[in-house]
Amino acid sequence: VEAAHGDPVLEFGLRRAQGIDGGLTASRAAFIGGCSATSNVLAGKLFGIPVKGTHAHSWVMSFDSELEAFEAYAAAMPNNCVFLVDTYDTLEGVRNAVRVGHALRRRGHELLGVRLDSGDLAYLSIEARKILDAAGFPDAQVFASNDLDERTIEALRRQGAKIAVWGVGTRLSTAYDQPALGGVYKLSAVRRADGTWEDRIKLSENPAKRSIPGLLQVRRYSRDGGYVGDVIYDERNPPGETVRYVHPTDALRRNAFGAGTESEELLVPVFRAGALVYDVPTVAEAQARLREQLARFHPGVRRFDNPHEYPAGIEEGLNERRNRMILALREAA
């Protein structure tokens, strides 16, 4: 979505998604992440996500000719005609789409576009755009798919591709580039029978794997409408007007947010004692919140290559308590 710079991105990953509900969760997550619609009809029904798609190659191959296939599709769905044109010869497929488009127009309908799914997408989209424009269909859009990801989309845009809508499937719905989440779950505190809390910590020779003790919360700071950093702190000892924080793995890297810096708490309870205490947003509301929040991060943090490190750290007092626990455990070992 970031790479498309405002062009619609459609989630096309159902057939490649993994697991029993992988397609549904991927469709939901992709829409919240900014996709405009999904080809997953069940996700549309369950979550209220707009559903969009085109016919398959098998549709074209089930007829004696591509033109006949397009005509049959136009008869069945005259208001949703985006023709998949690369089954045999892509540019000839565009010309067949134009022929059917004229027939549609005579019946009071319009050709919505053509989809490219193979070959040199930059060259073919430019040539398809020329054919559509010359035939009197300037509003018909060129859709593209075929193992797209953010880098391919960026590259095609740099090459001047005339693609208006991007269909992304495998490399979105399967977490293709990062199949495992590099996160950990560790106990940070234990509640005693009297209701008090006792901190817990996990040690490691690898500093990045040492856990943080306490009843943890994350506070995000902002300035002039943009996010400037996050601080992890213990709810029992919240930061004051000025908060000092330490880099999680480099104790010599320290910084501070001064008095008056705007902030918000990131962690909110969803369940308490088995009861839902959270007003669950719709996927459309979640998508709107994500867009608003992403826009508040500096572009340097959001770039794909060599992004700027977003400031995040541990509140100074919590970090000192963590260090004391580490020393005490090592001395006792």
Side-chain angles (χ1 to χ4, degrees), residues 1-44 49-61 66 69 82-94 97 112-129 132 140-182 302-305 307:
V1 171
E2 291 268 291
H5 292 278
D7 291 345
V9 176
L10 311 182
E11 184 271 313
F12 277 2
L14 176 60
R15 64 179 175 168
R16 304 283 174 79
Q18 299 159 333
I20 295 172
D21 70 342
L24 287 173
T25 53
S27 297
R28 183 180 184 276
F31 182 74
I32 291 174
C35 287
S36 302
T38 178
S39 63
N40 185 344
V41 178
L42 182 56
I49 301 172
V51 175
K52 292 186 178 180
T54 68
H55 61 76
H57 292 109
S58 58
W59 174 270
V60 177
M61 296 164 67
E66 182 178 65
V82 177
F83 296 118
L84 180 56
V85 295
D86 74 323
T87 305
Y88 305 118
D89 179 280
T90 299
L91 297 183
E92 185 58 30
V94 178
L112 299 185
V114 297
R115 176 159 74 99
L116 311 175
D117 190 50
S118 61
D120 185 334
L121 296 180
Y123 165 76
L124 291 172
S125 67
I126 292 170
E127 295 303 308
R129 183 75 268 159
L132 292 169
Q141 295 180 313
V142 177
F143 293 60
S145 50
N146 188 31
D147 285 337
L148 298 178
D149 61 16
E150 64 273 21
R151 297 182 186 280
T152 307
I153 292 172
E154 269 202 338
L156 287 167
R157 287 176 58 87
R158 285 196 304 269
Q159 295 169 53
K162 299 299 182 181
I163 297 167
V165 183
W166 308 84
V168 187
T170 303
R171 295 176 184 269
L172 172 61
S173 297
T174 64
Y176 195 87
D177 58 344
Q178 190 177 8
L181 175 66
R302 293 161 53 186
R303 66 178 176 241
F304 301 144
D305 295 312

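Computed over heavy atoms, backbone and side chain alike; hydrogens, waters and symmetry mates excluded. In this chain, numbering begins with 1 at the start of the sequence shown.
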### Message
How about OH on Y176, more than 12 heavy atoms from neighbouring residues, nucleotides or ligands closer than 6.0 Å, or not?
### Response
no
### Query
What distance do N40 atom CG and I49 atom CD1 have between them, rounded to the nearest 0.5 Å?
7.5 Å
Given side chains that start at C-beta, do those of [X] and [Y] come closer than 4.5 Å, heavy atoms only?
X    : Y    : value
Y88  : H57  : no
R157 : D7   : yes
L148 : L156 : yes
E66  : F83  : no
D305 : R151 : yes
Y123 : L91  : yes

### Message
Can you tell me which residue among D86, L116, V85 is in a side chain to side chain contact (heavy atoms under 4.5 Å, CB included) with L124?
### Response
L116
Donor-acceptor check, side chain of [X] to backbone of [Y], threshold 3.5 angstrom: yes or no?
X    : Y    : answer
R115 : F143 : no
Q159 : A155 : yes
H55  : L84  : yes

### Criterion side-chain contact (heavy atoms from CB on, under 4.5 Å) on D120 and E127, from CA distance to verdict
CA-CA 11 Å; D120 185 334; E127 295 303 308; over 6 Å; no
### Task
Kindly give the heavy-atom pair with the smallest separation between G119 and N146, and that separation in Å.
N-ND2, 4.5 Å
### Task
Locate the shortest heavy-atom distance separating G33 from V1; write the atom from each residue and the value.
O-CG2, 4.1 Å
Under 3.5 Å donor-acceptor pairs involving side-chain atoms of residues 11-24, not counting sequence neighbours:
residue : atom : partner : partner atom : Å
E11     : OE1  : S27     : OG           : 2.8
E11     : OE1  : T38     : OG1          : 2.5
E11     : OE2  : G13     : N            : 2.7
E11     : OE2  : S173    : OG           : 3.0
R16     : NH1  : T170    : OG1          : 2.6

### Task
Taking salt bridge (charged side-chain N to carboxylate O under 4.0 Å, His left out) as the test, write out the residues that go with D177, two or more places apart.
none
#### Entry: Contacts of R28 that satisfy salt bridge (charged side-chain N to carboxylate O under 4.0 Å, His left out) - sequence neighbours left out
none
### Query
Step by step, would you call S145 with D117 a side-chain hydrogen bond (donor to acceptor under 3.5 Å, both in side chains)?
CA-CA 5 Å; S145 50; D117 190 50; 2.6 Å; yes
